[in-house]
Amino acid sequence: MTGGRTAGKAITPAQESGASDMGRVVGLFVSPGIGQSMKACAEVRALAGRGLDGDRYATGQGSYSQAKRQVIRHVSIIEREAIEAANEELARRGLVPFEPNETRRNIVVEGADVYALLGREFSIGDVRLRGIEPTRPCHIPSAAANKTGFKEAYSNRGGVRAEILSDGIISVGDAISGDNISV
């Protein structure tokens, strides 16, 4: 765990059961279609087996929805700290940084090692998810933002994909928790 419980923060049911608090959601984004801007949300409905309400992958309209290699793409999660590190690298190279929405990731978290979620079930708020695989940064965020360097700067820090296992609402500020997850 990179963070920890602090005085005044609510204890979630998962924490009461002994699950570890792994960080918090600091950004939520959805996009209705390929190439359309990611829209910031204070909260979004998670749809089990589909994705986030209003997002292109929940409706089968994402860039990779019809790819030959089918992968569960319900939601993508990236660390705020990874965005900052990638943007520092871009700035050193004289390139323009990417805003969190320009990463084309759905959920931005802080104080969490998202790679520790791979192969495990976890919760964001009351929504249950399972970490599927790391994302492979591609050219799409660069093309959509009309900037260069995303694929290279975000290599090995592009976040993870997760499967949504239960319906519910995910909100900015929600804790990420899971049983037996060491970070």
Side-chain angles (χ1 to χ4, degrees), residues 1-32 36-62 65 71-84 98-135 154 157-183:
M1 180 167 70
T2 57
R5 290 185 215 157
T6 59
K9 294 213 178 187
I11 296 175
T12 67
Q15 289 169 333
E16 287 177 355
S17 71
S20 60
D21 181 351
M22 296 181 51
R24 300 216 172 268
V25 174
V26 296
L28 288 170
F29 304 95
V30 297
S31 173
Q36 294 185 26
S37 295
M38 298 290 285
K39 179 182 102 175
C41 305
E43 66 179 31
V44 66
R45 177 168 294 285
L47 307 169
R50 292 184 45 213
L52 300 178
D53 191 24
D55 190 65
R56 64 212 182 278
Y57 284 102
T59 60
Q61 302 299 310
S65 292
V71 174
I72 293 171
R73 297 176 187 276
H74 297 171
V75 67
S76 53
I77 306 169
I78 191 169
E79 300 165 16
R80 179 191 52 79
E81 296 87 348
I83 294 171
E84 290 173 355
F98 286 78
E99 295 297 323
N101 65 307
E102 293 173 328
T103 68
R104 313 269 321 148
R105 303 305 186 255
N106 300 111
I107 302 173
V108 179
V109 300
E110 70 178 6
D113 174 4
V114 298
Y115 297 97
L117 304 174
L118 293 172
R120 301 196 182 269
E121 287 190 22
F122 61 97
S123 294
I124 298 180
D126 292 328
V127 177
R128 296 289 299 164
L129 302 100
R130 178 183 301 116
I132 299 298
E133 70 175 8
T135 63
Y154 282 80
R157 53 170 84 111
V160 300
R161 280 191 264 287
E163 176 182 14
I164 298 174
L165 303 174
S166 67
D167 289 346
I169 301 293
I170 297 175
S171 301
V172 170
D174 279 352
I176 303 159
S177 58
D179 297 326
N180 303 314
I181 296 177
S182 60
V183 291

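- Scored by the salt bridge (Lys or Arg N to Asp or Glu O under 4.0 Å) test, Glu99 finds no partners at all (sequence neighbours excluded).
- Not counting sequence neighbours, the partners of Arg157 by the salt bridge (Lys or Arg N to Asp or Glu O under 4.0 Å) test are Glu89.
- Closest heavy-atom contact between Gly23 and Ala112: CA-CB, 4.3 Å.
- Contact check for Val109 versus Ile77: side-chain heavy atoms found under the 4.5 Å cut-off.
- No hydrogens or angles considered: a donor-acceptor pair under 3.5 Å links the side chains of Ser123 and Arg128.
- Counting heavy atoms from C-beta on, the side chains of Asp126 and Ile169 never come closer than 4.5 Å.
- By the 4.5 Å heavy-atom criterion applied to side chains, Ile124 and Leu129 are counted as neighbours.
- The ring pair (Phe, Tyr, Trp, His ring centres under 6.0 Å) check on Phe98 picks up Phe150, with sequence neighbours excluded.
- Across Ile78 and Ala82, no two heavy atoms sit closer than the pair CG1-CB, 4.4 Å.
- Closest of all the heavy-atom pairs between Tyr115 and Glu79 is CD1-OE2, 4.1 Å.
- Atom CZ of Arg130 and atom CD1 of Ile132 lie 6.0 Å apart (nearest 0.5 Å).
- Under the 4.5 Å side-chain criterion, counting only non-hydrogen atoms from C-beta, Ile83 is in contact with Tyr154.
- The two residues Val172 and Cys41 make their nearest non-hydrogen contact at CG2-O, 3.7 Å.
- Looking at Arg80 and Pro100, their side chains never come closer than 4.5 Å, going by heavy atoms from C-beta outward.
- His74 contributes no side-chain N or O that, together with a main-chain N or O of Leu52, makes up a donor-acceptor pair within less than 3.5 Å.
- Between Val44 and Val30, the closest side-chain pair of non-hydrogen atoms falls below 4.5 Å.
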